Amino acid sequence: MKTLAKWSVDDYHRMIAAGILCDRRVELLAGEIVEMSPETPIHYNSAKRGAKYLEELLIGLADVRFNGPITLSDSEPEPDIAIVRSPESAYNERHPQPQDIFWVIEVAKTSLKKDLELKSAIYAHANIPEYWVLNLSTKQIIVFREPQNGHYTSVKTIAEGNITPLAFSDIQVSVARLVG
């Protein structure tokens with residue numbers, strides 16, 4: 001039987017401060033330090049393009065973070081894109097926390113299973129109101145909403161058209177611009 005030590009967010013921050021994790025691409029997920037999947041060129045470019053597009057749409061409404069950590073109760077994932085409350089300077093001393101987050105986005109090709117299962121449970125447990133997975137293989141967006149008891153009760157796959165984020169009812173996000 002294998003027993004794993006669970007790490008707290010404070011433990012994780014102390015390891016980072018001590019330089020223990022400085023040469024590792026890791027994130028804290030549900031108390032476990034997990035190696036991050038290597039980014040393929042299409043993954044990186046899709047995430048970067050998506051962040052730029054959302055910055056244009058949400059200018060003056062939200063801060064769009066690209067590949068940055070967010071701090072949850074037992075996790076510190078690094079979503080590809082996080083849309084959080086402004087101002088950006090609010091995060092000079094800390095990462096965004098659940099009350100700061102409008103929604104998060106993961107770009108998936110090789111990480112699809114982890115993003116659909118583990119990360120959706122982590123984000124739902126933290127009551128992140130909305131979570132999108134950009135599936136690069138199918139060019140679809142899986143939209144998770146209504147977190148309850150560690151899972152999202154609404155899951156919808158969108159292949160074309162627009163999505164209206166819960167936090168911004170007057171904004172239309174083009175599926176083609178995000179996964180195209």
Side-chain angles (χ1 to χ4, degrees), residues 1-13 25-37 39 43 46-47 50-51 54 58 62-85 94-169 171-173 175 178-179:
M1 181 177 192
K2 181 165 118 176
T3 303
L4 299 175
K6 293 285 187 175
W7 302 99
S8 70
V9 170
D10 287 339
D11 294 334
Y12 185 66
H13 288 172
R25 282 192 30 88
V26 297
E27 57 189 342
L28 182 69
L29 300 178
E32 296 180 13
I33 298 172
V34 177
E35 294 276 352
M36 294 172 67
S37 301
E39 282 190 333
H43 180 280
S46 296
L54 291 170
L58 299 170
D63 180 32
V64 178
R65 297 172 58 92
F66 173 64
N67 284 342
I70 59 174
T71 302
L72 311 177
S73 64
D74 66 349
S75 299
E76 195 162 278
E78 295 188 22
D80 293 304
I81 304 170
I83 297 82
V84 302
R85 295 185 192 289
R94 65 175 179 85
H95 299 303
Q97 299 170 346
Q99 68 272 15
D100 304 312
I101 300 167
F102 293 117
W103 84 94
V104 294
I105 300 172
E106 295 287 359
V107 175
K109 191 161 180 123
T110 60
S111 63
L112 186 62
K113 181 175 172 51
K114 178 170 85 172
D115 293 336
L116 293 178
E117 295 174 7
L118 177 60
K119 286 204 172 175
S120 70
I122 288 169
Y123 295 143
H125 181 71
N127 286 315
I128 305 295
E130 189 162 12
Y131 169 47
W132 297 0
V133 176
L134 310 184
N135 184 338
L136 297 180
S137 295
T138 63
K139 298 205 179 294
Q140 297 175 325
I141 300 177
I142 301 128
V143 178
F144 295 84
R145 292 179 170 164
E146 301 173 25
Q148 286 184 351
N149 303 318
H151 71 279
Y152 287 95
T153 59
S154 171
V155 180
K156 186 176 186 180
T157 300
I158 302 171
E160 58 186 35
N162 297 318
I163 305 170
T164 301
L166 292 175
F168 302 101
S169 60
I171 300 290
Q172 294 287 304
V173 178
V175 172
L178 285 180
V179 295

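Because the structure is a prediction, the values reported are computed rather than measured.
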Next on the checklist: Rounded to the nearest 0.5 Å, what separates atom CD1 in Ile163 from atom CD1 in Ile158?
Outcome noted: 4.0 Å
Item to check | Smallest separation among heavy atoms of Ser37 and Ser111, with atom names | outcome: OG-CB, 4.0 Å
Checklist entry - Would you say the side-chain atoms of Lys6 pair up with the backbone N or O of Ala30, donor to acceptor, closer than 3.5 Å? => result yes
Checklist entry - How far does CZ of Arg65 sit from CD1 of Ile83, to the nearest 0.5 angstrom? => result 11.0 Å
Item to check | Heavy-atom check, side chain of Leu118 versus side chain of Glu32, under 4.5 Å | outcome: no
Next on the checklist: What I'd like to find out is whether the side chain of Leu112 reaches to under 4.5 Å of the side chain of Ser137, using heavy atoms alone.
Outcome noted: no
Next on the checklist: Are the side chains of Val64 and Ile81 in contact, using a 4.5 Å heavy-atom criterion?
Outcome noted: yes
Item to check | Main-chain N/O of Asn162 paired to Gln172 side chain as donor or acceptor, under 3.5 Å | outcome: no
Next on the checklist: For Pro96 versus Pro69, what's the shortest heavy-atom pair and its separation?
Outcome noted: CD-O, 3.7 Å
Checklist entry - With distance as the sole criterion, is a donor-acceptor pair present between the side chains of Glu146 and Thr153 under 3.5 Å? => result yes
Next on the checklist: Has His43 got a side-chain atom pairing as donor or acceptor with Val107's backbone, closer than 3.5 angstrom?
Outcome noted: yes
Checklist entry - Is the backbone of Glu117 close enough, under 3.5 Å, to the side chain of Ser120 for a donor and an acceptor to pair up by distance? => result yes
Checklist entry - Taking all non-hydrogen atoms of both residues, which atom of Pro77 and which atom of Leu29 are closest, and how far apart? => result CB-CD2, 3.7 Å
Checklist entry - For Ile141 and Val173, what are the C-alpha separation, side-chain angles and deciding distance, and is it a side-chain contact (heavy atoms from CB on, under 4.5 Å)? => result CA-CA 11 Å; Ile141 300 177; Val173 178; 5.9 Å; no
Next on the checklist: Would Ile128 and Ile122 count as a side-chain contact (heavy atoms from CB on, under 4.5 Å) here? Give the steps.
Outcome noted: CA-CA 9 Å; Ile128 305 295; Ile122 288 169; over 6 Å; no
Checklist outcome for this item: side chain to side chain contact (heavy atoms under 4.5 Å, CB included) test vs Ile171 passes for just one of Thr164, Leu54, Leu58, namely Leu58
Next on the checklist: Regarding Asp100 and Arg94, does a basic nitrogen lie under 4.0 Å from an acidic carboxylate oxygen?
Outcome noted: yes
Next on the checklist: Please give me the minimum heavy-atom distance between Gly150 and Ala124, naming the atom from each residue.
Outcome noted: C-CB, 3.6 Å
Checklist entry - Does a side-chain heavy-atom distance below 4.5 Å link Val143 with Glu130? => result yes
Item to check | Rounded distance [0.5 Å steps], OG in Ser46 versus CG in Leu134 | outcome: 7.5 Å
Checklist entry - Shortest non-hydrogen contact from Val26 to Tyr12? => result O-OH, 3.2 Å
Item to check | Residue pair Asp63 / Val84, side-chain heavy-atom distance below 4.5 Å | outcome: yes
Checklist entry - Okay, side chain of Arg85, backbone of Gln99: is any donor-acceptor separation there less than 3.5 Å? => result yes
Checklist entry - Looking at Trp132, Trp103, Tyr123, Phe144, which one forms a ring-ring contact (aromatic ring centres under 6.0 Å, His included) with Tyr152? => result Phe144
Checklist entry - Does Asn127 reach the side chain of Pro98, with side-chain heavy atoms less than 4.5 Å apart? => result no
Checklist entry - Would one find more than 12 heavy atoms of other residues, nucleotides or ligands at under 6.0 Å from atom NE2 of His125? => result no
Item to check | Presence of salt bridge, Arg25 and Glu35, under 4.0 angstrom | outcome: no
Checklist entry - After noting the C-alpha distance and the side-chain angles of Lys119 and Val133, does the key distance pass the side-chain contact (heavy atoms from CB on, under 4.5 Å) rule? => result CA-CA 10 Å; Lys119 286 204 172 175; Val133 176; over 6 Å; no
Item to check | Check against side-chain contact (heavy atoms from CB on, under 4.5 Å), Ile105 and Asp80 | outcome: CA-CA 6 Å; Ile105 300 172; Asp80 293 304; 5.6 Å; no
Item to check | Between Glu76 and Thr71: side-chain donor-acceptor atoms closer than 3.5 Å | outcome: yes
Next on the checklist: Just verifying a value: how many Å separate Asp115 CG and Thr110 OG1, rounded to the nearest 0.5 Å?
Outcome noted: 8.5 Å
Item to check | Main-chain N/O of Glu78 paired with Glu27 side-chain donor or acceptor, under 3.5 Å | outcome: yes
Checklist outcome for this item: In this structure, OH of Tyr131 is separated from CD1 of Ile142 (nearest 0.5 Å) by 8.5 Å
Checklist outcome for this item: For Pro79 and Gly68, the nearest pair of non-hydrogen atoms, with its separation, is CD-O, 3.4 Å
